[in-house]
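In what follows, chains carry the letters A, B, and so on, assigned in the order in which the sequence lines appear, proteins first and then strands, with residues in each chain numbered from 1.
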Amino acid sequence: HHFAGLSDVSISGDIPVEGEINVPVGTPSQDKEYSTLDEPVKDTILRDLKAVGKKFVHVMYPKKSSALLRDWDLWGPLLLCVTLALMLQGGSVDSKEDGGPQFAEVFVIIWFGSVIITLNSKLLGGTISFFQSLCVLGYCIMPLTVAMVVCRLVLLGGSWGFSFIVRLIVVTASFSWSTFASTAFLADCQPPNRKALVVYPVFLFYFVIGWMILTFSPSA
Amino acid sequence: TASTLLGRLFTRSTSINEVGTDVGLLGLACSRRFLFLQLLSGQKRSAPFWTFEYYQTFFDVETHQVRERILGSLLPWPGKNFVHLYICNNPDLYGPFWICATLVFVIAICGNISDFLFYLGEPQYKYVPEFRKVTIAATAIYSYACLVPLALWGLLVWRNSKVMNVVSYSFLEIVCVYGYSLAVYIPAVVLWIIPYEAVRWFSIVVALCLSGSILVLTFWPAVRDDQPRVAIAIMTAIVALHILLAFGCKVNIQREKKHTWAVFIRAQCSKTFLNVVHHGKPK
């Protein structure tokens, strides 16, 4: 009855209406995709590199951040894995018997180990997705890669005695850092009474990689 | 038919009579839970085998359960059946898989360490980490943990069709027992770092006795209703395969014994030769 008083108002039939009617062609997100296709390659690469670099920083200072989990990528793990495998390969290449792990063996151990640990945590009821877990495990190899670089530098000054103790301390510290960092990201996605069951395989994985780094001896 | 065989491979054991004879609080708790589950009569593995949830039922354990099972496998006691006391119709694949993985890496690492300590102080020896040990150990241990339970399960099913046994185990429970019984080898292999032969032999014999007795205590109730010759034959086969595994591990760690003695003797000879040459020179 608000409009009851209007019932006797008459409006003439033809009232000219002026104006513009615009229907937007395409959605705004299509516009954005168009722009990333058009941008120079340098911008794309720099943006990806910045994302990878930001994740490295998150691993070095593991806090409860979701950047590693939300925007996962596998560029960082691939880079770290290839670097580590190349550096581990240079040892005992001249011996007739088989010696240290070859490039393919290191590669297979890292990726196969990551897949097995991810499957394990998902079978135990974890809520993390497959590639997010691979991303976290791969990025957390970074302290061990840094330790490998340090070990190679220390090995230039001799193999045994003081250099061995230094290498032992460096590898132990970096392997604990790796385990602690990946646990900080992974343990939240598990039911509380199974956390130790998920953390132990991660510990074993980084322990084996740390062992390969510690026992690396360059060819004479 | 194939589908019934597949079904029997993964269903629970049918040991209703045995449950009542378990003494002790743990045994009572297990039997009560077993009866409760029977009351619910929920088939745990009802999801079809191509879904992920089906395999999740094999990992339905908690931290304290795994810890109890490992501790129970380290301390066998006559009268306490490992399967009924600890597994309680909830066999898991987590324990066997990760215990085997740990054992493989511990064998490789301790083999390297013991070689290194053997050669400590020899300047001619160059330390090489033997990576082949890992692949050989992994193949041996994982095939032992998979194939021997399969063979044993097949054998028990065949005997069960001939002679009605009170106790029978499902395939997963046998895999569980074998997997957890390997847990006692891990500290034994770590003790191999100590370079004394007496310590090494002592540790392997103790480990063999403990894990062998777990297997014997578990499988004796399943075969004792059979003819005595068949029962003794099955138990002997179980123990013999276990001894084979233990000595296979030992040989794998010290595989180059002959080769290492030759290298050692050669190193000593060259050292004495260099000594004579050095002292023979006029100062």
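More than 12 heavy atoms of other residues, nucleotides or ligands sit less than 6.0 Å from atom CZ of B:Phe52.
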Going through the checks in order, is the side chain to side chain contact (heavy atoms under 4.5 Å, CB included) test met by B:Trp98 and A:Ile116?
-> CA-CA 11 Å; B:Trp98 287 109; A:Ile116 295 275; 3.9 Å; yes
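Taking the side chain as every heavy atom from C-beta outward, B:Tyr94 and A:Pro201 approach each other to under 4.5 Å. Between A:Leu197 and B:Val61, some side-chain heavy-atom pair lies under the 4.5 Å cut-off. Within the 4.5 Å cutoff, no side-chain heavy atoms of B:Glu62 are placed close to those of A:Leu124. Taking 4.5 Å as the limit, every side-chain heavy atom of A:Phe207 sits out of range of all side-chain heavy atoms of B:Thr102. Within the 4.5 Å cutoff, the side chain of B:Phe59 has heavy atoms near those of the A:Asn120 side chain.
Contact of A:Ile109 with chain B is made through the side chain alone, with heavy-atom distances under 4.5 Å. Only the side chain of A:Leu204 comes within less than 4.5 Å of a heavy atom in chain B; its backbone stays farther off. For B:Phe105, the part lying near chain A is the side chain, with the backbone staying farther off; criterion is any non-hydrogen pair under 4.5 Å.
The line from CG of A:Leu123 to CG of B:Asp60 is 11.5 Å long, rounded to the nearest 0.5 Å. Taking CZ of B:Phe97 as the start and CG of A:Leu119 as the end, the distance is 9.0 Å to the nearest 0.5 Å. Distance CG/A:Leu214 to CD1/B:Ile109: 10.0 Å, rounded to 0.5 Å.
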